[in-house]
Enquirer: 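Attaching a single structure in structure tokens format; questions to follow.
What you are looking at is a predicted structure, and each value in this text was computed from that prediction instead of being measured. In the text below, chain A, chain B and the rest are named by the order of the sequence lines, each starting its count at 1.
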There are 2 protein chains.
Amino acid sequence: MTDTRQKLIEATAEGLRTDGIAGLSARSVAARAEVNQALVFYHFGTMPELIQAATRAAVDENVIYYREQFAQIGSLRELLEVGRELHDREHTTGNIAVMAQLLAGAQQDLLLAEAGRYAMARWGEQIEAVVRRLMADSPLAGVVDPAGLASMISAVFIGLELYDGVDPVGSRAALDAVERLVVLVDVVDDLGPVASRALRSRLKKASAAR
Amino acid sequence: MTDTRQKLIEATAEGLRTDGIAGLSARSVAARAEVNQALVFYHFGTMPELIQAATRAAVDENVIYYREQFAQIGSLRELLEVGRELHDREHTTGNIAVMAQLLAGAQQDLLLAEAGRYAMARWGEQIEAVVRRLMADSPLAGVVDPAGLASMISAVFIGLELYDGVDPVGSRAALDAVERLVVLVDVVDDLGPVASRALRSRLKKASAAR
DNA sequence: GTCTATACACCGATAGAC
DNA sequence: GTCTATCGGTGTATAGAC
């Protein structure tokens with residue numbers, strides 16, 4: 001990969017982070033990359049294509065970073081810990097902000113939608129694997145849909161990032177609130193086999209009733 | 001309120017919905033409102049101020065619409081029902097999309113951040129009241145922070161809206177997944193007093209350990 | 001691959017006639 | 001309150017010299 005391409009890709013992610021999708025332009029990206037503005041179009045054709053390339057590179061890099069950590073998660077408690085670490089870290093690096101701005105722009109642009117779908121799929125498959133593993137021998141095994149839950153977790157990260165931008169205190173409280181609710185799942189998980197079987201039948205009934 | 005002001009306010013919400021924050025401009029809004037472009041600045045001064053006025057009006061109107069429905073929610077099951085209805089309805093009307101685009105822009109603009117904070121506060125206080133009421137006589141009363149949970153629910157709506165734009169199937173699965181998890185809370189809620197007391201002590205221990 | 005120069009549309013915002 | 005006209009600047013994108 002040429003130096004200029006790389007510089008443009010990095011400047012684009014940085015631009016999404018700090019200027020947002022509304023403030024991103026070929027001019028601003030080129031200036032940030034200290035590269036001639038015309039090179040944006042020489043290398044990437046159009047702005048959406050550059051954004052696609054940049055966000056794709058960002059998500060590929062970031063997902064790799066967490067692959068090992070994800071593989072070592074063995075309990076819900078650990079998942080929460082890694083989740084909070086990931087949230088804090090990705091929030092300060094701005095990677096979630098990039099994803100949020102991408103998704104905001106994706107609502108009106110087909111190419112950005114494709115890029116957003118790719119990003120969510122990459123994160124989703126990582127998260128899903130962890131959830132699936134953790135749920136395998138839990139009384140919740142039949143109740144939880146790992147793929148759906150993974151999508152929800154991704155959506156929560158995006159939503160919380162945007163929420164944090166307008167109300168950081170509230171976003172902290174929101175994180176704490178789910179953590180405490182997840183403890184509930186943990187408690188259920190730790191129930192004895194009798195209680196666990198009773199719970200399972202109740203859950204079956206409850207799902208059927210819906 | 002003059003006719004022109006009203007037209008501009010409505011056109012702004014519509015523009016956020018269909019063009020996104022990145023595609024919104026004084027010219028596009030004025031065209032949509034079939035109003036002279038200079039009137040945007042005569043009536044509102046700057047674009048962010050117009051966006052603030054428009055999103056404020058939108059959230060005020062929409063919150064009122066749900067106030068009655070929220071007041072009638074008496075169980076978690078009903079909360080889920082209203083929640084799904086609200087999500088479906090607000091998603092099709094595009095009101096959540098407006099909020100999502102507002103928050104995306106709010107990350108880079110102080111005035112929009114203020115508008116976003118206002119919107120999240122209005123929704124938050126409504127949701128919090130419901131959560132607080134439902135949790136009052138539940139074994140989870142001490143475990144759940146109503147305000148935090150309300151913030152989380154708001155964030156989920158925003159995140160899910162953006163997620164839906166790139167992967168509608170995944171967003172459906174995500175919604176289904178939490179619904180099934182909430183059933184878990186419902187089951188715990190329906191436990192007898194003995195089991196409930198046992199659970200409460202377990203939860204206390206679990207929270208303390210954190 | 002990189003540069004300058006440029007086309008042309010659009011941007012927010014203002015001045016001033018009506 | 002509304003209009004036209006206009007400012008300076010920025011947007012994407014391209015042509016053509018180097």
Side-chain angles (χ1 to χ4, degrees), chain A residues 1-55 57 101-102 104-115, chain B residues 1-55 57 101-102 104-115:
Chain A
M1 182 122 49
T2 50
D3 191 42
T4 298
R5 274 186 73 93
Q6 192 55 38
K7 276 199 270 184
L8 281 171
I9 280 177
E10 276 164 28
T12 301
E14 226 172 281
L16 278 176
R17 219 171 355 240
T18 57
D19 303 336
I21 187 72
L24 199 76
S25 73
R27 282 208 217 286
S28 69
V29 168
R32 200 184 284 279
E34 294 179 299
V35 145
N36 191 284
Q37 177 258 343
L39 293 176
V40 166
F41 303 99
Y42 173 78
H43 283 290
F44 297 96
T46 65
M47 272 304 289
E49 285 174 281
L50 169 55
I51 296 172
Q52 183 176 40
T55 54
Q101 293 295 325
L102 170 64
Q107 312 295 312
Q108 286 84 34
D109 184 299
L110 264 168
L111 208 58
L112 295 194
E114 197 187 303
Chain B
M1 181 123 53
T2 49
D3 191 43
T4 299
R5 272 185 76 92
Q6 192 55 37
K7 276 201 269 184
L8 281 171
I9 280 177
E10 277 164 27
T12 302
E14 225 173 284
L16 277 176
R17 217 169 1 237
T18 57
D19 303 337
I21 187 75
L24 199 75
S25 74
R27 284 171 139 85
S28 69
V29 167
R32 200 184 285 279
E34 294 180 299
V35 146
N36 191 285
Q37 177 257 351
L39 293 176
V40 166
F41 303 98
Y42 173 77
H43 283 290
F44 297 95
T46 65
M47 272 304 289
E49 285 174 280
L50 169 54
I51 296 172
Q52 183 176 39
T55 53
Q101 293 296 323
L102 170 65
Q107 311 297 310
Q108 287 83 34
D109 184 298
L110 263 170
L111 208 57
L112 295 194
E114 197 186 303

Enquirer: Could you state the atom-to-atom distance from CD1 of B:Ile51 to P of C:dC11 in whole Å?
Expert: 13 Å
Enquirer: Using atom CZ of B:Arg27 as one end and atom C1' of C:dC8 as the other, report the distance to the nearest whole Å.
Expert: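 Interatomic distance, CZ of B:Arg27 to C1' of C:dC8: 13 Å.
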Enquirer: Taking only heavy atoms on the protein side, list every residue of residues 32-41 of chain B lying under 4.0 Å from any atom of DNA chain C, sorted numerically.
Expert: B:Gln37, B:Ala38, B:Phe41
Enquirer: For the side chain of B:Thr2, starting at C-beta, report the closest nucleotide among D:dT12, D:dG1, C:dG1.
Expert: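 The listed nucleotide nearest to B:Thr2's side chain is D:dG1.
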Enquirer: Is the side chain of A:Arg5 donor-acceptor paired with the backbone N or O of A:His43 at a distance under 3.5 Å, no angle test?
Expert: yes
Enquirer: Taking only N and O in the side chain of B:Ser25, is any of them less than 4.0 Å away from OP1 or OP2 of C:dC11?
Expert: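 Checking B:Ser25 against C:dC11: at least one side-chain N or O falls below 4.0 Å of OP1 or OP2.
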Enquirer: In whole Å, what is the span from the CG atom of A:Asp109 to the P atom of D:dG11?
Expert: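 So the two atoms are 17 Å apart, to the nearest Å.
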Enquirer: Whether B:Thr4 contacts D:dT2 is assessed here as follows: a side-chain N or O lying under 4.0 Å from the phosphate OP1 or OP2. Is that the case?
Expert: yes
Enquirer: C:dT14 P sits how many Å from B:Phe44 CZ, rounded?
Expert: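 Distance check: B:Phe44 CZ to C:dT14 P gives 16 Å.
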Enquirer: Looking at B:Thr46, is its backbone amide N or carbonyl O close enough to the side chain of B:Glu49 to form a donor-acceptor pair, meaning the two atoms are under 3.5 Å apart?
Expert: yes
Enquirer: Whole Å only: how far is the CD atom of A:Glu49 from the C1' atom of D:dA13?
Expert: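 Between C1' of D:dA13 and CD of A:Glu49: 12 Å.
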Enquirer: What's the CG-C1' distance between A:Leu50 and D:dA13, to the nearest Å?
Expert: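 So the two atoms are 14 Å apart, to the nearest Å.
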Enquirer: Ignoring hydrogens and geometry, is there a side-chain-to-backbone donor-acceptor pair from B:Thr18 to B:Glu14 under 3.5 Å?
Expert: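 Checked: pair present.
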Enquirer: For residues B:Val40 and B:Ala26, report the shortest heavy-atom separation together with the two atoms involved.
Expert: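 Closest pair (atom of B:Val40, atom of B:Ala26, distance): CG2-O, 3.9 Å.
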Enquirer: Could you give the distance from CG (B:Leu24) to CG (B:Asp19), rounded to the nearest 0.5 Å?
Expert: 6.5 Å
Enquirer: Quick check: does any side chain N or O of A:Gln37 sit under 3.5 Å from a backbone N or O of A:Ala31, one acting as donor and the other as acceptor?
Expert: no
Enquirer: May I have the distance from B:His43 (atom NE2) to C:dG12 (atom P), rounded to whole angstrom?
Expert: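 Rounded to the whole Å, the gap is 17 Å.
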Enquirer: To the nearest angstrom, how far is A:Leu8 atom CG from C:dG1 atom P?
Expert: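 In whole Å, C:dG1 P and A:Leu8 CG are 12 Å from each other.
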Enquirer: Roughly how far, to the nearest 0.5 Å, is OH of B:Tyr42 from OG1 of B:Thr4?
Expert: 10.0 Å
